[in-house]
Amino acid sequence: MSFTEQFPIVFQALNTGFLQTVKLFFVTLAGSLPLGLLIYFAARSSFKPLALLFRAIIWVVRGTPLMLQLIVIFYLPGMVFGKAIWGSGEKGRFVAAAIAFIFNYACYFAEIYRGGIQGVPIGQTEAGQVLGMSKKQVFFKVTLLQMIKRIVPPMSNEIITLVKDTSLARIIALQEVIWAGQAFLKGSQGIAGEIWPMFFTGVYYLAASGVLTVALGKLEKKLSYFSI
Amino acid sequence: MAILEVKNLFKSFGKTQVLTGIDFCVEEGEVLSIIGSSGSGKTTLLRCITQLETPDSGLITVDGEVFFDGSNKKIKAAEKRRRQRMVGLVFQNFNLFPQYTALKNVTLAVEMMAKERPDYKENKKAIQKEIRDNAVSLLERVGLSDKMENYPCQLSGGQQQRVSIARALALNPKILFFDEPTSALDPELTGEILKVIKALANENMTMVIVTHEMNFAREVSDRVIFMDNGVICEQGTPEEVFDNPTQERTKAFLNKFNE
Ligand SMILES: Nc1ncnc2c1ncn2[C@@H]1O[C@H](COP(=O)(O)OP(=O)(O)OP(=O)(O)O)[C@@H](O)[C@H]1O
Ligand SMILES: [Mg+2]
């Protein structure tokens, strides 16, 4: 098969794979952004056992490879319960991947939230307080935006890393874009032993991280009118 | 009647006793300076009066109203806020809100308070205009009419401190407290702050100023307090305290400054 004949077939397959990549990316963000905040609050709770538990969880999650976590979350329930609790096939793999990614990224985000929230000087709260503002007013009108400004740059780094990290889900055979490219190496739809589809997946990652870099850079710029 | 009365005030942090039975009064329109070596408890005293810290015991009244009562410490959040609005505090490091312009820094707290008024919705326009006009005139008073739309990061330290003075004045406090208002500034910028404080003194603003600027304290104050190790060691007119101190510790402290 000539390249011009191969291209539409490969393009179609990679698009399908990339759709799964994008889905995993957004599901991870939607889950881990709020979960990270909850984990941050739990880890600094004044109820010591809860705080210690969550600090230990953060330590373990950040101290082991995401790939390992994916494997454990995908296979362990089956070994323990003797059946696939994540559901079968591609749907089950996606659920397991999403859980691993959400949990892993939430732990990183918790640390970023910590830096952002604790980084706002106590003087800001006190200035609001002596002006007779309520706690809620101080939070929403004074400290929140300063936290966001502190959080955006490290968050942007993590989010761009996440685009590339989604490829780790290949290890549990999630049919994302790398998996789709690799299929043509092994043989699929009459194409076998072709390495170029694999190389071509790089274009998808470049495009995605390019778009995100521009968008997040814009957000950062939007907050650059003041300095902290 | 004194506008501020502090009686037998005690405050400790853990085992560290910081204020040990502080007693003093401030009359309406009076300017009181508090001097004393580092760690003597000056900042803690201001923070106790402005309710950023809760004293252990004692009594504070402002304009005849109980402000803090050691035997009845539990007060509602709303009541605490009402009390805090009666006094203003100017911080050593300004603590301006970086995301707001100079003007918005001055109006923010007043707007928050106005929004809680029952008639706010009906008279929104008029109330907002009044708040803005008042803030504009306060910024003019501190010599910043051309910097109202600037953000703190676009202002010099001296200008930032003047905005923070205007911000503290916006709620029309009965007493204005300053905690070393010039010590975070380059020496050439302290003059502009001292000028603003002097102008306020001429308008009979009641002020309590913690300062290390002895010449300024002598010039602007009606009365001076020397604090040492959590107690008021000596108080009197600037002439009494600076020229004829009676306590050895005051003499030692002033000698260090005159060297
Ligand atoms: N939050 C706190 N926790 C523990 N100790 C504190 C706290 N705040 C103040 N102190 C202690 O209280 C004492 C008095 O501090 P304070 O800041 O009131 O002194 P100061 O007279 O304002 O000194 P300076 O001239 O250096 O500003 C110091 O020994 C200080 O270490
Ligand atoms: Mg101090």
Side-chain angles (χ1 to χ4, degrees), chain A residues 33 37 40-41 44-48 51 109 112-156 215-228, chain B residues 43 46-47 49-53 76-102 104-116 149-155 160 163-164 167-173 175-177 179 184:
Chain A
L33 285 170
L37 198 58
Y40 160 70
F41 283 126
R44 62 180 291 280
S45 151
S46 52
F47 181 58
K48 275 280 162 300
F109 289 157
I112 292 177
Y113 287 130
R114 185 171 69 92
I117 292 170
Q118 295 181 354
V120 179
I122 184 74
Q124 289 292 309
T125 308
E126 291 183 346
Q129 247 180 312
V130 286
L131 289 165
M133 290 165 70
S134 68
K135 279 201 174 132
K136 203 170 125 193
Q137 289 167 347
V138 169
F139 179 75
F140 284 106
K141 295 289 173 178
V142 177
T143 43
L144 181 61
L145 194 63
Q146 297 182 46
M147 287 172 194
I148 292 173
K149 187 177 164 84
R150 274 165 209 278
I151 286 168
V152 166
M155 205 57 109
S156 303
L216 292 164
K218 275 210 172 118
L219 179 61
E220 206 172 313
K221 190 122 190 268
K222 238 192 163 130
L223 292 169
S224 70
Y225 68 92
F226 71 96
S227 72
I228 39 176
Chain B
T43 296
L46 292 198
R47 290 173 59 87
I49 301 173
T50 53
Q51 319 249 308
L52 287 175
E53 304 281 357
K76 290 215 173 73
E79 171 60 13
K80 183 171 169 183
R81 290 171 58 202
R82 192 188 66 81
R83 290 180 187 178
Q84 282 181 315
R85 287 183 188 131
M86 290 169 66
V87 295
L89 175 62
V90 173
F91 297 87
Q92 187 172 346
N93 54 352
F94 335 132
N95 288 333
L96 287 182
F97 306 133
Q99 70 266 46
Y100 296 125
T101 61
K104 182 78 182 179
N105 262 279
V106 179
T107 56
L108 182 69
V110 196
E111 277 169 3
M112 294 290 105
M113 189 169 78
K115 279 188 185 151
E116 290 170 17
E149 296 305 328
N150 288 47
Y151 290 92
C153 61
Q154 302 167 321
L155 299 173
Q160 289 187 48
V163 174
S164 93
R167 179 177 72 172
L169 287 169
L171 286 159
N172 219 352
I175 314 166
L176 193 50
F177 294 88
D179 190 2

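Residue numbers begin at 1 in each chain, while the letters A, B, ... track the order of the sequences. Heavy-atom basis, side chains included; hydrogens, waters and symmetry copies ignored.
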Please find the pair of heavy atoms, one from [X] and one from [Y], that lie closest to each other, and give the distance.
| X | Y | result |
| --- | --- | --- |
| A:Lys141 | B:Gln99 | O-NE2, 3.4 Å |
| B:Arg81 | A:Gly132 | NE-O, 2.8 Å |
| B:Pro98 | A:Gln146 | CD-NE2, 3.4 Å |
| B:Leu171 | A:Leu131 | CD1-O, 3.2 Å |
| A:Phe226 | B:Cys153 | CA-SG, 4.2 Å |

Quick one: [atom1] on [X] to [atom2] on [Y], what's the gap to the nearest 0.5 Å?
| X | Y | atom1 | atom2 | result |
| --- | --- | --- | --- | --- |
| B:Leu89 | A:Gln129 | CG | CD | 11.0 Å |
| A:Ser227 | B:Gln154 | OG | CD | 9.0 Å |
| A:Met133 | B:Leu108 | CE | CG | 4.5 Å |
| B:Tyr100 | A:Leu145 | OH | CG | 7.0 Å |

Let me know if [X] has heavy atoms under 4.5 Å from chain A in its side chain, its backbone, both or neither.
| X | value |
| --- | --- |
| B:Arg83 | neither |
| B:Val110 | neither |
| B:Met112 | both |

Exercise for review: Determine whether A:Val130 and B:Phe91 make a side-chain contact, defined as any pair of heavy atoms from C-beta on separated by less than 4.5 Å.
Suggested key: yes
Check your understanding: Does any N or O in the side chain of A:Gln124 come within less than 3.5 Å of the main-chain N or O of B:Leu96, such that one atom is a donor and the other an acceptor?
Key -> yes
